[in-house]
Student: 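Questions regarding the structure given below will be posed in turn.
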Number of protein chains: 2
Amino acid sequence: MAQKKLTADDAYRALHDKIIAGDLKPGAKLREVEIAESLGVSRTPVREALRRLESDGLLTHAPHKGAVVKQLDFQSISELYKIREVLEGTAAGLAARQMSEVEIAALYDMLPAQIEVKDNEVEASRLNKLFHRTICHGASNRYLIEMIDGLDLSMALLGRSTLGLEARKDQAISEHRKIIDAIAVGDAVEAEAAARKHIRSSHAARLKILLEDS
Amino acid sequence: MAQKKLTADDAYRALHDKIIAGDLKPGAKLREVEIAESLGVSRTPVREALRRLESDGLLTHAPHKGAVVKQLDFQSISELYKIREVLEGTAAGLAARQMSEVEIAALYDMLPAQIEVKDNEVEASRLNKLFHRTICHGASNRYLIEMIDGLDLSMALLGRSTLGLEARKDQAISEHRKIIDAIAVGDAVEAEAAARKHIRSSHAARLKILLEDS
DNA sequence: GCAACTAAAATTGTATACAATGTAATACAA
DNA sequence: TTGTATTACATTGTATACAATTTTAGTTGC
């Protein structure tokens with residue numbers, strides 16, 4: 001078999017994926033030797049991975065105390081959605097000015113798959129991310145892309161997707177369509193407004209989940 | 001004498017400051033052993049510092065090739081200012097809704113010092129950053145603060161401040177006052193508009209400097 | 001039984017040694 | 001002379017050894 005040599009980047013991705021998948025929940029402590037052994041590497045690359053995850057905002061790290069998966073409090077979640085609203089709105093507005101016909105067509109093409117996916121929260125979430133990423137890239141701004149990606153990562157700390165709520169799924173798709181429609185006609189103001197509204201209702205759905213779970 | 005033990009965090013700050021101060025210019029290659037020896041530590045903490053600077057966006061880093069101080073191209077600079085406009089505008093808008101009387105008074109108190117500073121680009125830049133940071137904190141959003149701080153860092157890669165231009169200094173102060181005025185009366189829309197305009201004219205000044213230097 | 005102190009174990013931080021990769025220089029052939 | 005291949009060197013990547021710090025467990029005194 002392959003047994004390809006693992007590197008720091010592999011360690012990063014492994015931990016990254018574990019956190020995203022919810023395998024490592026907020027509050028979980030990460031011990032370097034433990035991780036190193038489980039991955040079959042030394043502590044050095046593990047430490048590098050941990051530091052990257054820290055600057056990604058997925059871990060908190062106190063000197064001599066170790067790394068812990070970050071736990072978002074209520075206030076942080078509100079702040080997170082507020083900024084997401086601004087950035088996704090900006091992205092949609094820029095996309096309305098810059099996206100090409102084919103790119104817009106690609107957005108429309110994503111809708112059927114979003115509708116068809118049933119009771120598969122993971123896949124629904126993947127398609128949703130793809131949709132938002134496509135618009136974000138349509139804005140052609142590397143800093144914006146980086147920031148939204150960063151927020152998405154933090155979002156993963158919240159656990160299961162809001163698309164798990166059946167009602168939310170249909171609403172989200174309808175909102176997606178409105179965003180595309182505005183982009184398609186080059187209406188930046190409306191595209192931004194639609195995107196902001198979409199994030200706000202996503203926030204509302206999130207709050208519903210949080211209150212259910214508590 | 002003290003001879004305090006240096007740690008990874010110190011190495012980070014040392015390099016960080018050298019880049020900000022322009023001591024390490026874009027394009028400069030950073031060799032681990034060289035830095036380690038100059039700081040009197042081993043490569044381990046230096047590597048950690050380099051990785052942090054990389055995720056700060058101050059360095060680019062190719063595997064097995066080493067770290068280089070990032071060089072921003074024309075396109076990147078435009079994108080940088082575009083996002084700064086959005087974020088600083090958002091910050092000013094939120095600040096208009098949330099800042100307290102005393103905080104606003106503190107903003108007004110900063111203006112005289114900004115006016116008095118003469119031919120001291122470094123000090124002028126410091127006061128300017130302080131002003132923007134204060135508004136940013138007035139928005140009470142940790143993610144927003146983090147992002148604007150990150151953009152400020154990248155901004156440092158551009159070299160000397162736009163406040164070096166004599167005409168720009170007066171203009172900037174006038175714009176600062178307009179922003180505060182809007183915040184003081186709680187006019188979020190106007191505060192955002194004023195802040196965005198401020199960043200745009202800063203961008204214009206930046207372009208002037210860039211064209212002069214080339 | 002509880003509190004505080006002490007010691008030992010666990011864990012992170014740093015230094016160094018070794019491996020892998022990339023770069024540059026040199027030798028050789030066309 | 002130029003192009004290429006080979007080899008030596010420089011640099012980064014990983015593993016391990018050691019130091020510093022924190023946490024935990026145990027013991028002693030009250």
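Naming convention: chains lettered A, B, ... in sequence-line order (proteins, then strands); numbering from 1 in each chain.
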Student: Assign B:L50 to base, sugar-phosphate, or nothing according to its heavy-atom contacts below 4.0 angstrom with the strands shown.
Tutor: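 Counting heavy atoms under 4.0 Å across all strands, no contact is made by B:L50.
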
Student: To the nearest angstrom, how far is A:R47 atom CZ from D:dA15 atom P?
Tutor: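 After rounding, the reported distance stands at 14 Å.
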
Student: Of B:G40 and B:K29, whose nearest nucleotide on DNA chain C comes first from the 5' end?
Tutor: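 Looking at the nearest nucleotide for each, B:G40 comes out on the 5' side.
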
Student: Please give me every residue in residues 53-71 of chain A whose heavy atoms get under 4.0 Å of an atom in DNA chain D, ordered by residue number.
Tutor: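 Residues of residues 53-71 of chain A under 4.0 Å from DNA chain D: A:H64, A:K65.
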
Student: Tell me the interatomic distance from A:E37, atom CD, to D:dA15, atom C1', rounded to whole angstroms.
Tutor: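 In whole Å, D:dA15 C1' lies 13 Å from A:E37 CD.
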
Student: Check the distance between D:dT12's P and B:R31's CZ and give it to me in whole angstrom.
Tutor: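 Atom CZ in B:R31 sits about 7 Å away from atom P in D:dT12.
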
Student: D:dG13, OP1 or OP2 - any side-chain N/O from B:R51 closer than 4.0 Å?
Tutor: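 It does, given that an N or O in the side chain of B:R51 lies less than 4.0 Å from OP1 or OP2 of D:dG13.
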
Student: Applying side chain to side chain donor-acceptor pair (under 3.5 Å), can you list everything that pairs with A:E37, at least two apart in sequence or on another chain?
Tutor: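 For A:E37, no residue satisfies side chain to side chain donor-acceptor pair (under 3.5 Å) once neighbours in sequence are set aside.
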
Student: Grab the CG-P distance between A:L30 and C:dT12 for me, whole Å please.
Tutor: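 It is 9 Å, rounded to the nearest whole Å.
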
Student: Which whole-number value in Å describes the distance from A:D9 CG to D:dT12 P?
Tutor: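 Interatomic distance, CG of A:D9 to P of D:dT12: 18 Å.
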
Student: Which of the following nucleotides, C:dT12, C:dA15, D:dG13, is nearest to the side chain of B:E32?
Tutor: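 Shortest atom-to-atom distance from the side chain points to D:dG13.
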
Student: Quick check: does any side chain N or O of A:T90 sit under 3.5 Å from a backbone N or O of A:V86, one acting as donor and the other as acceptor?
Tutor: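 Yes; judged by distance alone, with no hydrogens or angles, the pair exists.
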
Student: State whether B:T44 places a side-chain N or O below 4.0 Å from either non-bridging phosphate oxygen (OP1 or OP2) of C:dT16.
Tutor: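 Checking C:dT16 against B:T44, no side-chain N or O comes under 4.0 Å of OP1 or OP2.
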
Student: Rounded to whole angstroms, how far apart are CD on B:E48 and P on D:dT12?
Tutor: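 Rounded to the whole Å, the gap is 17 Å.
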
Student: To the nearest Å, give me how far apart CZ (A:R43) and P (D:dT16) are.
Tutor: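 The distance from CZ of A:R43 to P of D:dT16 comes to 12 Å, rounded to the nearest Å.
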
Student: Mind checking the NE2-CD1 spacing from A:H176 to A:I135? Nearest 0.5 Å is all I need.
Tutor: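 So the gap between those two atoms works out to 7.0 Å.
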
Student: What's the spacing between B:L107 CG and B:H132 NE2 if we round to 0.5 Å?
Tutor: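 So the CG of B:L107 and the NE2 of B:H132 are separated by 10.5 Å.
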
Student: Side chain of B:E32, backbone of B:R43: donor and acceptor closer than 3.5 Å?
Tutor: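 Between the backbone of B:R43 and the side chain of B:E32 there is no qualifying donor-acceptor contact (under 3.5 Å).
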
Student: Determine whether a donor-acceptor pair (N or O, by modelled atom type, separation under 3.5 Å) exists between the side chain of B:K129 and the backbone of B:R126.
Tutor: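 Checked: no pair found.
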
Student: Indicate the atoms forming the closest heavy-atom contact of B:A139 with B:L144, along with that distance.
Tutor: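 In this case the closest contact between B:A139 and B:L144 is CB-CD2, 3.8 Å.
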
